Every structure is written in structure tokens, then in C-alpha cells.
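In what follows, every heavy atom counts, from backbone to side chain, and hydrogens, waters and symmetry copies are set aside. Chain A is the first sequence line, chain B the second, and so forth, proteins listed ahead of strands; every chain is numbered from 1. The structure presented is a predicted model; accordingly, all values stated were derived computationally and were not measured.
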Amino acid sequence: MCTGRVDLAFIFRAFSNGKDGVFVGGCWPGECHYITEGNYLALSTMHIGRKLLEMIGLDPERLRLEWISASEGSRYAEVMNDFSKKMKASGPIGKGEGIDPEELNLRLEAVQNLIPYIKLVERERLRVTLKSVEEYNEFFASDEFDQLFQELIGDKFQITRIMALLRKKPCSNKELSEVLGISPSEVSRHLNTAARQGLGRVDESRNLIAAACDENGNTTTSDSSDSAVTAAPDNDTIDQIIHEHQGKPGSLIHVLMEIQSENHWLSKEILDRISEKLDVPLSRVMQIATFYKTFSLSPKGRHEVHVCTGTSCHLRGASHLMESVQDLMGIRPGETDSDAKFSLGNGNCLGCCSLGPEIIVDGKHHGRVTPAMAEEVLKNYA
Amino acid sequence: MPRINSATELEELRKGLLSKRDPDKSYIAICSGTGCLGLGNDRVITAFEQEIKRLSLETQVDIRVTGCHGFCERGPNVVIYPEEIYYIQVTPEDVPEIVSQTVLGKQVIDRLIYEDPNTGEKSAYQSDIPFYKAQMRQLISNNTKIDSRRINDYMGIGGYSALSKALFEMTPAQVLEEVKKANLRGRGGGGFPAGLKWETTRNAPEKQKYVIVNGHEGEPGATMDRAIFTGNPHSVLEGLIIGAYAIGASQGFIYTRHDSPQLKDNIYRALEQAREYGLLGENILGSGFNFNVEVHFDVGIFVSGESSALMRSIEGRNPEPRPKYIRTSVSGVWDKPSNLNNVETWANVPQIINKGSQWYTSIGTERSKGTKLISLSGNIVNSGVVEVPFGTTLRQIIYDIGGGIPNGKKLKAVHFGGAMGGSIPARLIDTPLDFDALKKVGAPMGAGALMVMDEDNNMVDVTRFFLNFLTNESCGKCVPCREGIRQLLKIMTRMSKGNGRKGDIELLEEISEVMGVASLCSLGKTACDPLKSSLRYFRDEYEAGISDEIAPVNEQELTPERV
Ligand SMILES: Cc1cc2nc3c(=O)[nH]c(=O)nc-3n(C[C@H](O)[C@H](O)[C@H](O)COP(=O)(O)O)c2cc1C
């Protein structure tokens, strides 16, 4: 078949079946028989495939693409001899890299699960319309590609692995961090994303995270002693807030604002209830709830922390303070750390310019804070 | 509280209040503005309350929890009346001493008074402190005298007498005429004459009209609206009711911030008290005029301070601006004529009615009348809220009132008008405070947030900061604004790292120009103003961000990013 038709899925299926190397050979660029320039597609696939191998700790050389036309028999022999020699030297897949077979299977499975997504991403965001092999190679070796790959695929891969572990049993952040070999702050960042997508749920009382559904997307309904669920919103309070504003035009923002300040976040159930009680379509509720930064669609930590990023504080060095706070908490603005202790907010100017730069915790201002003092301030909150 | 049914009853109530009050009675005014609150003045307030109770002085000494005094830098501030002794940086531990020595013993405690860091000269009285001496405090002066939670304190200083005068001695047309003659210009940013706007709404054909207070104050570093609205909410309300009378509106809206609990409480309390007195509702003061007010909140996006966006928000919709050919003063909230003014604009109205337009126009410059509140911040010795007449030079504000630049640094630039304003270099600080003069030099006043930059501040970084702010605050409805700011930010980010490319500056200018003509509302139209002004005065700093080694900009890169 045309090299352009060799799908990433085929390549990784071969690795999953225990093959030590995959070789793709085909027409030279510029000699494609079709106007699709399929061999450039193959080149993209090869670069992405190698990057994926690297990501899961395998030797990227296990995937090789060569340009060999039908008339180049001797070149074919040369290349194949070289490839088998290299593969022999690398050793059996996984073993050569020192990866435990079971772990290797998990990783390959995670990548395979990601392939449909990668193809989508590739089409939308990694597709390059370059004209020469050099340009391709340059692009795939660039920092820009690295960054895109990390953002689009690297993070997704970690989330897929986390979800695979969580489907087996609820885990704590620490356990996940140990198994995956990434830092707890990275784990919490991924968990935040997963929670936002409705994949995971946090059991606050036990500090555990559980999967919200199985592989097929069915909601997991284990009994309460085993499953982890978020604290249910108190319907009475919410109904009362809705009741106070019912019937008034323009009450939607008021209701959302008051429930946000009462409950600190707006769950799917709450939004449904508001939509029903106020008789406003859910799409409109969502439109407002997602428009403003003030509204949170994921649970908040016990303490809400803001670093003022107003102009005056900025001139007085707030960006360094913000960095120091982010380092200490291991999260970025808009996120909550894994033990649900702190949420870091986007600090709007609260008008205490003479105190800048400042950290505001649960509405209490700590003024004239240097980056080095941040730890001292945050230490007081448990 | 009894309902007041006529102008005479209002005056009698006032007389009654004043006669019960001993003019020599001591009172302790404790600043409770955002700055002092942040410095822990709540503990100072409690300490005073406990001390007064412990010594059973409740009948002799009054405690007033007041709005912002303006001198935020040295807070928490406490003033002891009737002597007007001004104490700074007061802690709860100082309280027993203040009560025994100063309130009872009439003696000044040396360690708590202001000492000029340069001359070493001490000032015990508010009026002697340089920060206050150089100001002209018309709107904010009462902040140190009244407890913002008590309508009777406002009554005691002549509150609602302007309303009574308007309702009983003037026709709506006369009120409008007076405001027009005073040439009151909007304090929210544009400087548009309030009288003209009122007139448009008044003359609009629809019967149902609205008046609105814009208390959104989303400009970072601007705190003066909060200072008045929290500290003296009735002055704004009184202005609003007078405006409604002149315009013929029976319904008003207050649009303000949700993130300041004190502001929220004070507004709600003020409305309730005004209703009980019959200053709001049906048949106000027995005049036959009806007017009600509803409160709405911004939940945290800058663009919702823009007039048409704000009105969408009052309707419970997303705050997305409308094209400007439909004027909100003709078709605003629920498509009815709606007159929107800033908090400070409304607060000016009662004094114009009370003292007359002639008095008002005697203050200020030829085309900018009255006083203006300025919030001073950034790298300045005395940050805080100040009030000066128009015509005061920026030099006077920065050095005489603001005390200059801290840490022996040099003044580099001043920035007015926040993310949609501009910066001018130190050599232009003899420019007077004036809507038109400042606009001409490239630093339009905006709402009045004056940001002071010292030699360490980099202009490219400051501009980048504003663009970064605006990327989050643009509503995203129109493309030139949403995408333009993003592209500008991208270029500025590489320039601030020294990785700018040849042609970047020209590209910045080109994008700014397109945004200026093609954006829907002023946010997009003026988002490039900081950029333009700093390019005008600090072009060398931009040039320094351009690297010779990096290939020139390729036009194609601007088209949708390959991400
Ligand atoms: C993006 C944007 C934000 C604004 N924010 C405010 C604000 O926070 N407060 C305000 O009074 N005016 C703000 N304005 C100006 C208002 O649109 C309007 O001009 C003003 O409230 C009118 O009142 P005035 O005539 O009394 O100044 C903003 C304008 C724009 C374009």
C-alpha cells in the first residue's frame, strides 16, 4: 500500500503485538503517483510516531521510514540489513529500554487509545503544508512543535494513564505521582483538567480521586462506601436563592453570583436546577456561567488565594510574587491543588494599591508581600 | 424612622438632629476604606468600641466608621474630632492611649502623627499634612466626617437639601439647565457633557426612561468611585434622584462591583434608609415624584463597564457591546432611553444644585470644571485617593500631594486612563489636569487612575501588561478587538524578551490602526492607546527589543496561527 496509507494505528498495533521494530519504505518525495503527495503524509506520521515512542520511553529508532523506489533493489537490501542489525542491538521491545512488560502494555494501550484523537489534532493543528523534506524535518525538530506536542498530546497521554489507573481503584495524588513518575503538582494539573471534563471525581473526605465512568463512558455506580463523590449541593439554599429572584427579568446573573459565593462552584446539577427553576434554557445559563471568570465550573479548594495583578501591583513587582505563589502551590491561576486546599484565582485589582503587591486569602489582604514572604503567608492556612 | 412628607419636615428633622448634637462632642472617625481594611483596621475599630464601652463613654464619645480618607499609604487612619487630630498607622495597641490622652486629655500623641520624610516636620492636624493641604476636597471631604452606614450623619451635613430644592423650587427643565450651565463633564472616561446626555434621554419619545449609576470601576488602579460610593453612598443616590427628576425617569439602576462586601452592604443599607425616609419610592418628600432603584452587579469583566455592555448585563445577558449608531441614551436597557453616568458624575450633582452653576464653573479650567478625584498609585510615596480642582498640574499632584518617587528613584513617566489610556514622559508633567489638554499629549484621563512609573519600569513591559489584561477582558464579540489584541500581545511578548524582528514596530502600528477603525466599542478602539503613546515617547525602548539576528517579519505569519 502507499506509505501515506500507513496509519499510526497500524504501527502501534505492531508494537503492541510484540514487534521490535516497524519499517516503512516507499516512493521518494516528489515522485508520488497521486496528487495527494502521500509520502509527505508518511513523513508526518513517522515524526509523530517517533515522538510518541520517545514519550513512552521506547527507542524512537524502532520506527524507520526510508525512500526506496521499486528500482532500488540493492538500496533496499542495504537498508534492511542495517535496520535488522540496529534492532538486534537494541534488544527486544521494552526489555532493551528496561521497561516492565506489564507497564509497557499499559503505555502502549494508552497511546493506542489516543490515536483517533491524535489524528484529529494532526488534521487541525499539526498539519504542515511545507514543500521539502528539509522543511518537514526542521518543523518536527523545532521548539514550536515540541511545545505543541506537549500541550496537545503529552498532557492527554498522562490523563489517559491516570484514568486507566483510576478505573482500577480510587487513588490519592501521591500514589498517582509515584506510579507515573511525575511530580504531584503535575498530577494535580492533569486531575484538574480531567475533573473539568467530567472524567474524575474527588472524594474530599478521603482525599481520593475516582474515575467517573468506565472505558465505554458508562457512569460508575459503586456503593457509597467505595465510590468517591463530590459533596452534593444543598438544594434548599439554592432554591431559596432562586426563589428570591424568581420572576424578575435579568435575575440570572444575580442567582449565579449568589450561588457561586455560597457554594464556591457551580456543578452541572446546580446549573440544571437554575435552568429549570428560572425557566431559562440551559444554553443561556451556560453562556453566562462560562463567560465570567468569577464563576467556577469545578470545585474550589478550602482557601481561595488571589495575587493582585492590577497595574500598580504589577509596577511594584507582582509578577515575581505570582511566580513564587505558583511554585509554592504547584498550580496555575484558575486551578485547585490536589488536596483541595488552595485555589488560585486570577487576581483582579481590589483597590488596595497602597498595599501592593498583595496576596488575598479568603478575602483577607496580606499587603506588601515580597516573593520570599509568600511561603510565610500561605503557611498559616490549613 | 418616620417618613418625611415635605421640605419643611426635612428641615425640621435636620434641625432636630443637630440640636441633639453637641458641636463640641468628641468623635473618633476610623477609616474603613479598602486600603485601611486591608491593613487590618477592623481590629482597630473593635478596639475602640471595646475601650469606649469599658470606660462607659458611650454618651460622651461617638465612634464613626467612615469611608476612605484617601491617605491609604499611611493607614489605618484615625481622626479625632472636633480638634481634627490626625493619627496614622494606628494599631489596636495604641487605642487605650488615644482614648485617654487625646479624646479625654486633649493631648496629641507625638508618635502617631505625620512626619514629613524629607523635612522631618510634624503635623498633628489633618489640614496641616501636605497630602491634604494641597488638595481641594469637595466630594470626598465628608468621608472623614460621616459614618457611611448612617443616613442621619448625611442629614447632619445638609444631606438631601439639594433634592428638596430641586423638587420644590425648580422645574425639571431648570435642574437640567443648571447642570448644563455648570458644564459637568462625565467622570467615567469620555468626559462627555452630562447635561447634553440628560437632555437626549429626556427628549427621547419613549415614556419609560431609566437612569443608571456606573459603579463598575473596572480600571485597575482606580479606586475613587469605591471611595465615594462606600464612604458616602447617599451623595451618589441624591444626585441620581435629582437626575431622574430632571430626565423624567421613574426607575434607576445601580451597577457596581460584586467583590467588595462593604460597598455592597453600604449601598443596600443606604437604599433601605432612603426608602424608609420616603426619599425613594412613591411620592418622594410629598412632591408627587416617584422613583425606585434596583442594584445590579458586575461579576468580573472589564468590558461590562462600557455603556451598552453594562445595559445588556442589567438585562441578565452577556455584557457584549452594541454598535454605537444606536445611542443608549435613546435606546438602552430593554430598548428604553437610558442615561448612564459614572458614580463621581452623579456625586457632583447635589453640590451644583445647592451652590449653583456659577459657583461650580468658578473652579477648574476653561473647559473642565469642578474638581476631580484621582487615585494615585504605582511607584509613588503617598498612594491613595486625592481630589484636586481641574487645572492642577500633574507635577503638583505627584510631588506636592503624592510626595514624589520612593527610594530615591527618578520619575520616568506617568500613565493615565488604565489599559485604554496613555503614558507621557516626566518632562510633560507640567501639563494641567484637563480633559482636553491631557488627551492632546496622549494621556487621556480615563476614570482618573494616575499610575506613576520610576526609572526601573520598562515601557514595553507596561504596554505588554495592559494588552495581556485586555486579552482577558475583551468580550470577544468582534474580531478586530479579539484577534488584534492577541496578535499585538504576541509581538510585544517577543519584543519584551529582546526577540523582536525587523518590521515589528511597523506591524504594531498597522494593527493598531485597523483596530482603531474596525472595533465595535471603545475597548477595541482604544486598546492600542497605551501602545501608541509609548511609541510616541519611548520608541527607543521598542527598538531595543528588536534583534538584528532574527529574520524580518513574514506577513503570512499573521494569518491564523498554525496551532
Ligand atoms: C471597556 C470600557 C470600560 C468602561 N468602564 C467604565 C467603568 O468602569 N466605569 C465608568 O464609569 N465608565 C466606564 N466606561 C465608560 C462608559 O462607557 C460610559 O462612558 C460612562 O460610564 C458614562 O458616564 P459619564 O458620562 O458620567 O462618564 C467604560 C468604557 C469602556 C469602553
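For chain A, the nearby part of B:Val295 is the backbone; its heavy atoms alone come within less than 4.5 Å. For chain A, the nearby parts of B:Pro319 are the backbone and the side chain; heavy atoms of each come within less than 4.5 Å. With a 4.5 Å cut-off on non-hydrogen atoms, B:Phe466 touches chain A through its side chain but not through its backbone. With a 4.5 Å cut-off on non-hydrogen atoms, A:Leu350 touches chain B through its backbone and its side chain both. Of the two parts of B:Val385, neither the backbone nor the side chain holds a non-hydrogen atom closer than 4.5 Å to a non-hydrogen atom of chain A. If you measure heavy-atom distances from B:Asn382 to chain A, you find no contacts under 4.5 Å at all.
No more than 12 heavy atoms of other residues, nucleotides or ligands lie within 6.0 Å of CD in A:Glu375, so this atom counts as exposed by the packing criterion. The number of heavy-atom neighbours closer than 6.0 Å to CD of A:Glu244, taken from other residues, nucleotides and ligands shown, is above 12. Within 6.0 Å of atom CD in A:Gln240, 12 or fewer heavy atoms from other residues, nucleotides or ligands are found, so the atom counts as exposed in its surroundings. Shown here is A:Asp279, whose CG atom has no more than 12 heavy atoms of other residues, nucleotides or ligands within 6.0 Å. Around atom CZ of B:Arg43, no more than 12 heavy atoms belonging to other residues, nucleotides or ligands sit under 6.0 Å away.
Side-chain atoms of B:Ser377 do not come within 3.5 Å of backbone N or O of A:Cys353 as any donor-acceptor pair. Judged by distance alone, with hydrogens and angles left aside, the side-chain atoms of A:Arg316 form no donor-acceptor pair with the main-chain N or O of B:Asn379 at under 3.5 Å. At distances below 3.5 Å, at least one donor-acceptor pair connects side-chain atoms of A:Thr294 with backbone N or O atoms of B:Val299. No donor-acceptor pair closer than 3.5 Å links the side chain of B:Thr223 to the backbone N or O of A:Gly351.
Your options are A:Val255, A:Leu355, A:Ile360, A:Thr311, and the one with the most heavy-atom pairs under 4.5 Å with chain B is A:Thr311. Ranked by non-hydrogen atom pairs under 4.5 Å with chain A, the options B:Ser304, B:Pro220, B:Ala227 are led by B:Pro220. For chain A, the option among B:Asn468, B:Asn457, B:Asp454, B:Val462 with the highest count of heavy-atom pairs below 4.5 Å is B:Asn457.
From A:Cys349, atom SG reaches atom CZ of B:Phe302 across 11.5 Å, with rounding to the nearest 0.5 Å. Summarising the geometry, atom CZ belonging to B:Arg74 is positioned 11.5 Å from atom OG belonging to A:Ser354; distances are rounded to the nearest 0.5 Å. Note: B:Leu376 CG to A:Ser312 OG = 10.0 Å, rounded to the nearest 0.5 Å.
Side-chain contact between A:Gln287 and B:Arg317: absent, with no pair of heavy atoms (C-beta onward) separated by less than 4.5 Å. For the pair B:Glu473/A:Lys293, a side-chain contact is recorded, criterion being any heavy-atom separation below 4.5 Å from C-beta on. Proximity of B:Cys475 to A:Phe291: side-chain heavy atoms (C-beta onward) are separated by under 4.5 Å at one or more points. Considering only heavy atoms from C-beta on, B:Met453 comes within 4.5 Å of A:Leu315 through its side chain.
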Determine, step by step, whether A:Tyr292 and B:Ser313 satisfy the side chain to side chain contact (heavy atoms under 4.5 Å, CB included) criterion, reporting the C-alpha distance in whole Å, the side-chain angles of both residues, the deciding distance to 0.1 Å, and the verdict. CA-CA 12 Å; A:Tyr292 291 104; B:Ser313 179; 3.8 Å; yes
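Remark: B:Glu315 does not engage A:Arg284 in a salt bridge, criterion side-chain N to carboxylate O under 4.0 Å.
For the residue pair A:Cys352 and B:Thr34, the shortest heavy atom distance occurs at SG-O, 3.3 Å. B:Lys264 and A:Met257 make their closest contact through NZ-CE, 4.0 Å (heavy atoms, listed as atom of the first residue, atom of the second, distance).
Between B:Phe465 and A:His314, the ring-plane angle classifies as parallel under the 30° and 60° cut-offs.
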